[in-house]
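Worksheet: the structure to be examined is printed underneath.
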Amino acid sequence: MRALVVGCGYVGMSVATQLARLGHEVLGVRRTAGAVEDMKAAGITPIVADITHPESLKALSLPFDWVVNTASSTKGGGVEDYRKVYQEGTRNLLDYLRAAPPKKYVYTGSTGVYEQNDDTLVSESSPAQPSAPTAQVLVETEKLLLDAARAEQFPSVILRVSGIYGPGRTHYLTQYLDGCAIIPGQGERYVNLIHRDDLASAIIAAVKDGRAGEIYNVSDDEPVRLIHLYRWLSEALGRAMPRFVPETPESRKRAITSKRVSNRKLKMELGCQLKYPNFRAGL
């Protein structure tokens, strides 16, 4: 297959590398030429393009069998950055690909669209009505893809991804080791995570077997309360627990959710078997 991976960064590079190892022709898109040599070494054809600039997409020679869009906003990006990268970038890609639609288009979004705060188990059919402006942009981006799937039979598949961690990206562990970790309230909030390697495998499963117009949650098997995560780290490393800090109306207002994300559909329909089924195995 001829595959295009847009956003060959932390996740996209892992996906592109796995596809290349499986013998597929893989083209990888980045906004800058910084990782060109690494991409070539991994058997990936590098392309410098920016989906927020439609004219740069002319560098992509159609057609492709599979398209994976893992492009993300800059760290700490606000609503305008989200809108530019996710919503406008997706629209630009759709417009360009309509000339020769792929067999499958996989987009990685976020479980941040679920704003449930009552420890409930959320599935793909649960309400996704966030109040956070950035999460609203993600919902609007999903709508673009779902509308295209329904009206044009465009083969889009949406993955709602939990908090990503893995080599070089271990937020909770890093905060803990640096002495910066805190536990708001009693630490009862649920955290949902997915290891980068399992996410890459889920994306590949989606391009192969995902159903057009469908949404799949990508999360590990074990949502964990924050206090239990830090307690395990404390016992494993023989260090003191982080300090507890009182919750305030302002901290609660910052859309801190507490839900348990179900991955049942991902495992049942796409047959995904996780290498790191919980945070203990991954960390």
Side-chain angles (χ1 to χ4, degrees), residues 1-30 39 42-47 49 51 57 60-72 86 89-90 92-111 124 138 141-142 144-150 152-162 164 166 194-220 263-275:
M1 294 291 187
R2 189 167 189 258
L4 176 70
V5 178
V6 178
C8 265
Y10 187 69
V11 174
M13 184 69 176
S14 180
V15 174
T17 300
Q18 286 193 41
L19 287 172
R21 287 175 181 166
L22 291 170
H24 301 290
E25 178 188 356
V26 184
L27 290 79
V29 173
R30 287 179 64 101
M39 293 170 73
I44 304 162
T45 301
I47 298 175
I51 60 173
L57 299 181
L60 310 179
S61 55
L62 299 172
F64 299 99
D65 297 295
W66 297 333
V67 175
V68 175
N69 181 8
T70 62
S72 60
Y86 293 106
T90 294
N92 293 338
L93 264 177
L94 284 174
D95 288 344
Y96 189 73
L97 292 170
R98 281 188 176 103
K103 295 176 182 176
K104 197 69 61 67
Y105 176 104
V106 174
Y107 158 80
T108 55
S110 171
T111 56
E124 293 80 359
L138 298 180
T141 302
E142 289 185 358
L144 280 176
L145 293 168
L146 294 174
D147 286 348
R150 291 162 185 157
E152 310 167 34
Q153 286 74 56
F154 190 86
S156 51
V157 177
I158 295 167
L159 303 183
R160 290 175 175 165
V161 182
S162 287
I164 304 166
I194 187 69
H195 193 283
R196 182 207 50 194
D197 295 350
D198 284 329
L199 171 56
S201 296
I203 291 171
I204 292 171
V207 296
K208 291 180 177 179
D209 300 317
R211 291 187 291 134
E214 289 293 323
I215 298 171
Y216 300 88
N217 290 336
V218 185
S219 197
D220 70 20
N263 65 11
R264 185 176 185 275
K265 184 176 178 180
L266 178 79
K267 297 177 77 173
M268 293 293 290
E269 290 196 10
L270 303 187
C272 286
Q273 298 297 317
L274 303 183
K275 184 178 180 181

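Everything numeric in this text was worked out from a predicted model, so none of it was measured.
Crowding of Lys103 atom NZ: a count of heavy atoms from other residues, nucleotides or ligands under 6.0 Å not exceeding 12. Annotation: Arg264, atom CZ; neighbour count of heavy atoms from other residues, nucleotides and ligands within 6.0 Å does not exceed 12.
Legend: residues meeting side-chain hydrogen bond (donor to acceptor under 3.5 Å, both in side chains) with Asp220, ordered by chain and number and at least two apart, are absent. Every residue meeting the side-chain contact (heavy atoms from CB on, under 4.5 Å) condition with Lys275, not counting sequence neighbours, appears here in chain and number order: Asp198. A search for ring-ring contact (aromatic ring centres under 6.0 Å, His included) contacts involving Phe64 returns nothing, not counting sequence neighbours. Scanning for side-chain hydrogen bond (donor to acceptor under 3.5 Å, both in side chains) contacts around Glu269 gives Arg211, Tyr216, with sequence neighbours left out.
Taking 4.5 Å as the limit, some side-chain heavy atom of Tyr96 sits within range of a side-chain heavy atom of Leu62. The shortest side-chain heavy-atom distance between Ile203 and Val11 falls under the 4.5 Å cut-off. Contact of the Trp66 side chain with the Tyr105 side chain is not registered, since no non-hydrogen atoms from C-beta on lie closer than 4.5 Å. The shortest distance between side-chain heavy atoms of Leu60 and Val29 falls below 4.5 Å.
The two residues Met13 and Ala42 come nearest to each other via the heavy atoms CE-CB, 4.2 Å. Closest approach of Pro102 to Leu97, counting heavy atoms only: CD-CB, 4.3 Å. Taking both residues in full, the closest heavy atoms of Ala16 and Ile44 are given as CB-CD1, 3.5 Å, listed atom of the first, atom of the second, then distance.
Atoms CG and CE, from Asn263 and Met268 in turn, are 11.5 Å apart once rounded to the nearest 0.5 Å. For the atom pair CG (Leu266) and SG (Cys272), the distance works out to 4.0 Å, reported to the nearest 0.5 Å. To the nearest 0.5 Å, atoms CD1 (Ile158) and CG (Asn69) are separated by 11.5 Å. Summarising the geometry, atom CG belonging to Leu144 is positioned 11.5 Å from atom CG belonging to Leu93; distances are rounded to the nearest 0.5 Å.
Sorted by first and then second residue, the salt bridge (Lys or Arg N to Asp or Glu O under 4.0 Å) pairs with a member in residues 1-16 read Arg2-Glu25; sequence neighbours excluded. Sorted by first and then second residue, the salt bridge (Lys or Arg N to Asp or Glu O under 4.0 Å) pairs involving residues 9-22 (not counting sequence neighbours) form an empty list.
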